[in-house]
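Structure first, commentary second.
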Amino acid sequence: MSSEEKGGMGLNTPDKEAPPAFSNGSEGQARDHEDFLTRNGLNLRSFQKRDYGGGVVDSLDRSLRTRHMHMISIGGSIGAGFFVGSGKALSNGGPASLLIDFLIIGVMMFNTVYALGELAVMYPVSGGFYTFSTRFIDPSWGFAMGWNYVMQWAAVLPLELTVCAMTIGYWNSEISVAVWISVFFGLILIINIFGTLGYAEEEFWSSVLKLCAIIVFMITAFVLVLGGGPSGSRYDHYYGARLWYEPGAFANGFRGFCSVFVTAAFSFSGTELVGLAAAEARNPLKSLPGAIKQVFWRITLFYILGLFFVGLLIPHDDENLLGANPYADVNASPFVLVGKYANLKGYDSFMNVIILVSVLSIGVSSVYGGSRTLTALAQQGYAPKIFTYIDRSGRPLASVAFLCAFGPLAYVNLHAEGPTVFDWLLALSGLAALFTWGSICLAHIRFRKAWLAQGHTLDEIPFKAVGGVYGSYLGLGLNVLCLIAQLYVAICPVDGGYNDAEGFFKSYLAMPVVIVFWIGGFLWKRTGWLRTDQIDVDTGRRELDWDAINEYRAKLAAMPAWRRVLWTLFV
C-alpha cells in the first residue's frame with residue numbers, strides 16, 4: 001500500500017500535499033442554496049430535514065466568521081462566575097488567593113486552549129473535544145466526556161435563568177421571579193431559532209459590551225485606588241494595597257486557598273467553546289488560530305488584572321460578601337460594590353446590566369455547546385439517533401430542544417426548597433469543566449505521541465500549541481491539582497470541621513457522575529485504553545494549502561526574534 005493510500009502516512013515535509021479530508025470547498029454550500037427565511041430559521045421549511053443519521057460536519061451551519069470566533073474566545077465565557085462568584089471567592093480565600101488561583105487556572109487554560117486549537121485545525125469535526133477523547137484516549141472515556149459536557153450545560157441553563165431573574169430583582173423585587181425566568185427563557189429560545197448565526201451575533205455583541213464594561217471598571221478602579229473617588233466616599237484618598245495588610249491577603253488559611261479553585265474553574269467554563277465552534281466556521285483554518293491567541297489577553301487583562309483591582313478595593317471580610325449565594329446574589333458582586341462604596345450614581349445599575357447581559361450570554365452558550373456535543377454523540381452512536389436530526393437552516397433541532405427542555409428547572413427556585421436544587425445543579429456543573437480540559441490536554445499528548453510514532457513530523461502540523469506537548473503536561477497536571485484541591489475542600493469545608501455526605505457531594509458531585517458515565521460507556525461499547533499503534537491520526541484530516549502555510553512560515557522566519565515571538569503569540 002502506498003503512502004497516498006494510507007492517507008498520507010509517508011509525508012515527511014509540509015511541501016507535500018496533506019491527505020484529503022473534509023472538503024473546504026463545500027463549507028456552507030447547502031445553507032447558501034436556501035432562501036433568506038430558510039437560512040435563518042424563519043419559516044416552516046427551515047425545520048425540514050437536511051441530514052439525519054449521518055456524521056457529516058458540513059450538514060451543520062457554517063456561518064461563523066473570524067470576528068465571531070475572536071469575540072467568542074475573548075469574552076464568550078465571562079459571566080456570573082466572574083462578576084458575581086468572585087465575591088464569594090474573595091470572602092473565602094482573600095485577595096491573594098483570588099489572584100493566585102485565577103492565575104493558576106489561567107495558565108492551565110492557556111495551554112489547554114492551544115492544545116485544542118492544534119487538534120481542531122487538524123481535524124474539522126463537530127463535538128470537538130469529545131471526539132478527540134474518543135479518538136486519541138479511550139472511546140469509553142470519550143463517551144463519558146461527551147455526556148459529562150452535555151449534562152454540564154444542561155445544568156447551567158436553569159442556573160443562568162435564575163441569576164437573570166434575581167439580577168432584575170435588584171431594581172424591582174416585587175415582580176415574581178417566575179415572570180423574569182419566562183422572559184429570559186423566551187429570549188434564549190428566540191436567539192436559538194436563528195441557529196448558529198443567532199448564537200454568533202449574540203456572542204459578538206455581548207462580548208463587545210462585556211469587554212468594554214471591564215475596561216471601564218479597570219480604569220475606574222485604577223483612579224479609585226489612587227484616591228480619585230468622589231469626596232466623602234470610601235476612595236476619596238489614596239487607597240493603595242492597604243487591604244492586603246488589613247484584614248489581610250489570605251483568609252481561612254489553606255482551606256480558603258483551595259476553595260477558590262472551583263470558582264475560578266466555573267468562571268473559565270466556556271473558554272473551550274471556541275474549539276467547538278470551529279466546526280461551524282466559514283474558514284476555521286484562518287480564523288481559529290487567531291481566536292486561540294486572543295485567549296491570552298482575556299486571561300491576563302480581564303481576569304487577572306480585573307480581579308487584582310477587586311482585591312485592592314473590597315475587603316474580604318465585607319459583610320455584603322458573607323453568606324451570599326456565590327452565583328445568584330448580585331448584591332454580593334464586588335464589581336457592583338465598588339460603585340456603591342465610591343458613591344458613583346448609576347454605576348451599580350450599569351454593572352448589573354452588564355451582569356444581566358453576561359448571564360444571558362452564558363445561557364445561550366449552554367444551549368449551543370450542549371446541543372452540538374449531543375449531536376456529535378448521536379452521530380457516533382453514543383446517543384439516540386433522533387439527535388442527529390439537522391434541519392435546512394443547519395440547526396441540530398432535536399439536540400437544541402433537548403437542552404432547552406432543562407430551562408424550566410429554573411422554576412423550581414420558586415419553591416421553599418428551591419435553593420437546595422440550585423446548589424445541586426451548581427455541584428453538577430462546577431467541576432465538570434475540569435474533566436473536559438484535562439481530557440483535551442491528554443488527547444493532545446496522545447495525538448503527538450501517535451503522530452511521531454507513525455512517521456510524521458511536527459512540520460506537518462499547520463498550527464502548533466505554543467507549549468507543545470510539555471504545555472499539555474502542565475495543563476493536565478494543573479487540572480489534577482485543582483481536582484485534588486477541591487476534594488480537600490469537599491472533605492474539609494472552609495468554615496471548619498468535616499463535611500457530611502450531603503456537603504461532600506455538593507462539592508464533588510461531578511466526579512461520581514463522570515465515573516458512572518465512564519463505566520456506562522465501557523459496558524456499552526466494550527472498548528478500553530487505545531495503544532499508540534491503534535490511534536488513527538490520518539482519517540478526516542483537513543485539506544491544507546501548504547503553499548500559503550509555507551509562505552507564512554517564511555515570512556515569520558524573516559522577522560526579528562522579538563517580533564516573531566509577538567506575532568506567534570498574539571497575531
Side-chain angles (χ1 to χ4, degrees), residues 66-87 89-90 95 98-99 102-103 105-106 109-110 113 167 201-230 233-235 239-241 264 267-271 273-274 290-314 330 333-362 365 566 569-571:
T66 300
R67 65 181 178 91
H68 296 139
M69 296 290 286
H70 280 223
M71 277 302 167
I72 289 172
S73 69
I74 297 176
S77 67
I78 299 176
F82 176 70
F83 284 117
V84 184
S86 56
L90 176 63
L98 186 69
L99 189 63
F102 269 81
L103 186 59
I105 297 290
M109 287 309 307
F110 180 82
V113 173
T167 303
E201 289 297 335
E202 182 277 329
E203 282 297 284
F204 178 83
W205 293 109
S206 65
S207 293
V208 168
L209 186 61
K210 285 186 280 187
L211 298 182
C212 290
I214 295 174
I215 291 172
V216 169
F217 168 78
M218 289 192 293
I219 294 173
T220 303
F222 181 67
V223 172
L224 296 178
V225 168
L226 296 179
S233 73
R234 181 180 293 188
Y235 311 113
Y239 216 67
S267 300
F268 278 97
S269 293
T271 303
L273 280 172
V274 67
I292 293 295
K293 294 173 184 179
Q294 305 307 314
V295 172
F296 172 86
W297 295 108
R298 174 158 62 85
I299 292 172
T300 304
L301 293 181
F302 303 119
Y303 279 90
I304 306 304
L305 192 56
L307 293 175
F308 174 67
F309 280 121
V310 163
L312 290 178
L313 293 171
I314 304 295
V330 293
S333 168
F335 294 87
V336 174
L337 294 177
V338 166
K340 275 187 174 183
Y341 296 156
N343 295 337
L344 298 175
K345 293 183 179 179
Y347 186 84
D348 54 341
S349 293
F350 165 73
M351 285 308 304
N352 269 303
V353 169
I354 301 302
I355 292 172
L356 188 62
V357 170
S358 301
V359 172
L360 182 63
S361 169
I362 298 298
S365 295
L566 291 178
L569 288 176
F570 309 128
V571 179

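Each residue takes its place number in the sequence, starting with 1.
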Roughly how far apart are [X] [atom1] and [Y] [atom2], rounded to 0.5 Å?
| X | Y | atom1 | atom2 | result |
| --- | --- | --- | --- | --- |
| Ile215 | Leu211 | CD1 | CG | 6.5 Å |
| Leu224 | Ile219 | CG | CD1 | 12.0 Å |
| Ser365 | Glu202 | OG | CD | 6.5 Å |
| Ile78 | Ser267 | CD1 | OG | 10.0 Å |
| Leu305 | Phe217 | CG | CZ | 9.5 Å |
| Ser269 | Ile362 | OG | CD1 | 8.5 Å |

Testing the basics here: between [X] and [Y], what is the closest heavy-atom pair and its distance to 0.1 Å?
| X | Y | result |
| --- | --- | --- |
| Met109 | Phe268 | CG-CD2, 3.8 Å |
| Val84 | Pro334 | O-CD, 4.4 Å |
| Leu307 | Ser86 | CD2-CB, 3.7 Å |
| Leu312 | Gly240 | CD2-O, 3.8 Å |
| Val357 | Ser206 | CG1-CB, 3.7 Å |
| Phe309 | Met218 | CE1-O, 4.0 Å |

So, [X] side chain and [Y] main chain: donor-acceptor pair closer than 3.5 Å or not?
| X | Y | answer |
| --- | --- | --- |
| Lys340 | Asp348 | no |
| Ser233 | Pro230 | yes |
| Ser358 | Ile354 | yes |

Close side-chain approach of [X] and [Y], heavy atoms under 4.5 Å:
| X | Y | value |
| --- | --- | --- |
| Ile304 | Leu99 | yes |
| Thr220 | Val216 | yes |
| Phe102 | Leu98 | yes |
| Val336 | Ile355 | yes |
| Glu203 | Ser361 | yes |

*Does the separation of the ring centres of Phe82 and Phe335 fall below 6.0 angstrom?*
yes

_Phe302: which residues meet the ring-ring contact (aromatic ring centres under 6.0 Å, His included) condition with it, sequence neighbours left out?_
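Expected list: none.
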
*Under the ring-ring contact (aromatic ring centres under 6.0 Å, His included) test, residues paired with Tyr341 that sit two or more places apart*: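 Partners of Tyr341 under the ring-ring contact (aromatic ring centres under 6.0 Å, His included) test: none.
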
*Between Tyr239 and Tyr235, how do the two ring planes meet: parallel, tilted or perpendicular, split at 30° and 60°?*
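Perpendicular, since the angle between the ring planes exceeds 60°.
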
